[in-house]
Amino acid sequence: MLKNFDFSSNLIHWYEENKRDLPWRHTQNPYFILLSEIILQQTRVQQGLPYYYKFIHNFPTIFDLAKAEESEIYQLWQGLGYYSRAKNLHLCAKQLVSLYQGSFPENYNDLIKLSGIGPYTASAILAFAFNKNVVLIDGNVYRFISRLWSINELINTSKSLRIFNELLLHYLPKNQSNIFNQAIMEYGALICTPKQMKCGICVFQSQCISFKNNEIDQFPVKKKNIIKKNRYFTYFVFIENQQLIISKRVVKDIWQNLFEFPLSEEESLSDFEKSEFYRENKLKYSKEPNFVITNKKHILTHQNIFSRFVIYDFIPKEFKNNQKFKQIFINQIDDYPFPVMMNEIIQQIKIGLYL
DNA sequence: TATGCGTGGCC
DNA sequence: TGGCCAAGCAT
């Protein structure tokens, strides 16, 4: 077993020598910490970084964020994924302003009541903004620590959380929670990586149980086998006089609160393939579409979306003055957040390819 | 406790 | 290439 002093001091020493220069490591401002933690949920640093800069530039204080329009938040979040984070971040800012005059509570129980803040983010704020004596358990920690001590316990359960929490609290140097937690996550991100782990340069190699047993790839213990569902989307792009029809996804489903074109979803591949270009009401248009773009596949974590775009040079009557749909000018399209899947076709619409 | 939620990078 | 993976949370 690693001695208390060995693990913490070796880890922190490694961190000081090898850490990346990331902007949120230069601040203890709880608002900036909050922003970075929400953005980095299930997201790599490289992907989240530009969004962090965008948000602190557009909303330099929690008050700016709280009083922003929800549409502005979505607009900035566009392309980052997991869009409920944007909504909850906004709600959280409003709650902090109304309940705490824009300051942050410095205890776990109050933090976790805020929208979008769960056990990890609450602890992260306590550690990084207030240097409280808490430990963070995220994917990096589960991986690094389960390998080091060969902890054969299914991760992301209340039991494993308890085990890891207790173990790490034992090693946490008092009043160094800020640096200790950054260090352990950085080690997981840079050395004890999911694949191609850098055991050759790992400063804990001689003490790593799973390395000694040649079973590193068996940790962390995860539940696997997510089942992917195939879905079949036909989008109708109606363009007339530089205007087109869009609609907001209001149902509880992927891309909630983002925009799209009028959609017909088929239940199966055969339905998708055999269907003429019709909508749910089976309406057929007398005119053939000007363009049909097929075989677009978009991969999500739990779903494969097969899509095609059917483009017409007119707007049917039932889409005009219809509350479920919105008629906008092509040059306004950037004011609305769309799923990344639509980027290509939107670009083509904007340059007038389908006029 | 189990499931759904995006996107991009990696091999 | 398809599957896995990344600083979780809400329900």
Side-chain angles (χ1 to χ4, degrees), chain A residues 19-20 22-25 32-52 74 77-89 91-92 111-129 134-145 154-161 178 180-190 192-197 217 219-220 222-231 249 251-258 260 297-305 337-344:
Chain A
K19 66 183 172 189
R20 289 170 291 180
L22 302 175
W24 43 85
R25 290 183 174 154
F32 294 152
I33 301 297
L34 171 70
L35 273 181
S36 67
E37 292 302 336
I38 301 295
I39 287 171
L40 291 175
Q41 285 169 9
Q42 298 291 285
T43 304
R44 291 171 196 281
V45 166
Q46 212 50 39
Q47 192 186 359
L49 205 46
Y51 289 84
Y52 177 78
Y74 274 103
W77 202 273
Q78 181 179 7
L80 192 54
Y82 284 159
Y83 296 95
S84 67
R85 289 184 292 174
K87 188 186 190 67
N88 285 326
L89 174 63
L91 276 175
C92 181
L111 282 171
I112 205 169
K113 287 177 190 150
L114 300 165
S115 292
I117 295 188
Y120 167 79
T121 305
S123 302
I125 291 168
L126 292 175
F128 301 143
V134 296
V135 290
L136 308 187
I137 320 279
D138 73 341
N140 289 308
V141 176
Y142 273 126
R143 185 174 57 252
F144 174 31
I145 297 304
L154 184 66
I155 64 167
N156 291 318
T157 65
S158 57
K159 186 180 175 192
S160 62
L161 196 65
N178 188 324
F180 177 79
N181 283 294
Q182 284 287 355
I184 197 164
M185 288 195 295
E186 190 75 338
Y187 205 85
L190 297 184
C192 203
T193 47
K195 309 220 166 142
Q196 310 271 99
M197 39 287 220
D217 58 349
F219 298 95
K222 317 179 81 156
K223 213 173 143 149
K224 54 180 183 322
N225 252 347
I226 57 165
I227 297 177
K228 283 219 176 192
K229 182 181 171 191
N230 288 335
R231 298 177 69 178
R249 290 182 65 87
V251 294
K252 190 167 149 50
D253 191 5
I254 55 170
W255 304 320
Q256 189 176 18
N257 295 327
L258 272 64
E260 63 184 357
K297 182 179 178 184
H298 188 69
I299 300 163
L300 285 69
T301 303
H302 297 269
Q303 304 182 18
N304 294 319
I305 311 289
F338 283 80
V340 164
M341 190 186 88
M342 323 261 187
N343 281 357
E344 193 182 342

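Letters go in sequence order (proteins before strands), and every chain restarts at 1.
If you check every strand for non-hydrogen atoms under 4.0 Å, A:Gly79 touches sugar and phosphate atoms only. Using a 4.0 Å heavy-atom cutoff across all strands shown, A:Leu136 reaches no nucleic acid atom at all. When heavy atoms are screened at a 4.0 angstrom cut-off, A:Ser84 is found touching no nucleic acid atom at all. Across all strands shown, A:Ile254 has heavy atoms under 4.0 Å from sugar-phosphate atoms exclusively, and none from any base. Residue-level contact check: A:Gln46 touches neither bases nor backbone, having no heavy atom under 4.0 Å from any strand. Residue-level contact check: A:Asp253 touches the backbone only, with heavy atoms under 4.0 Å from sugar-phosphate atoms and none from bases. Note on A:Thr121: only backbone sugar-phosphate atoms sit closer than 4.0 angstrom, heavy atoms only; bases stay farther off. Counting any heavy atom pair closer than 4.0 Å across all strands shown, A:Trp77 reaches no nucleic acid atom.
With no hydrogens or angles considered, a side-chain donor-acceptor pair links A:Tyr120 and A:Glu37 at under 3.5 Å.
Checked against side chain to side chain donor-acceptor pair (under 3.5 Å), A:Arg249 has the following partners two or more places apart in sequence or in another chain: A:Asp253, A:Glu260. For A:Arg25, the salt bridge (Lys or Arg N to Asp or Glu O under 4.0 Å) partners two or more places apart in sequence, or in a different chain, are A:Glu186. Applying the side chain to side chain donor-acceptor pair (under 3.5 Å) rule to A:Asn343 yields no partners; only residues at least two apart in sequence or on another chain are considered. For A:Gln256, there are no side chain to side chain donor-acceptor pair (under 3.5 Å) partners, not counting sequence neighbours. Applying the side chain to side chain donor-acceptor pair (under 3.5 Å) rule to A:Ser84 yields no partners; only residues at least two apart in sequence or on another chain are considered.
In this structure, A:Trp255 and A:His298 have tilted ring planes: the angle between them lies in the 30° to 60° band.
When DNA chain B is scanned 5' to 3' for any atom under 4.0 Å from a heavy atom of chain A, the first and last hits are B:dT1 to B:dG8.
Each of A:Lys195 and A:Glu37 lies near DNA chain C, and the nucleotide nearest A:Lys195 is the one positioned closer to the 5' end.
Atom P of nucleotide C:dC5 and atom CG of A:Leu300 are separated by 18 Å, given to the nearest angstrom. At whole-Å resolution of the value, CG in A:Leu34 and C1' in C:dG8 are 13 Å apart.
Taking atom P in both C:dT11 and B:dG6, one finds a spacing of 14 Å when rounded to whole Å.
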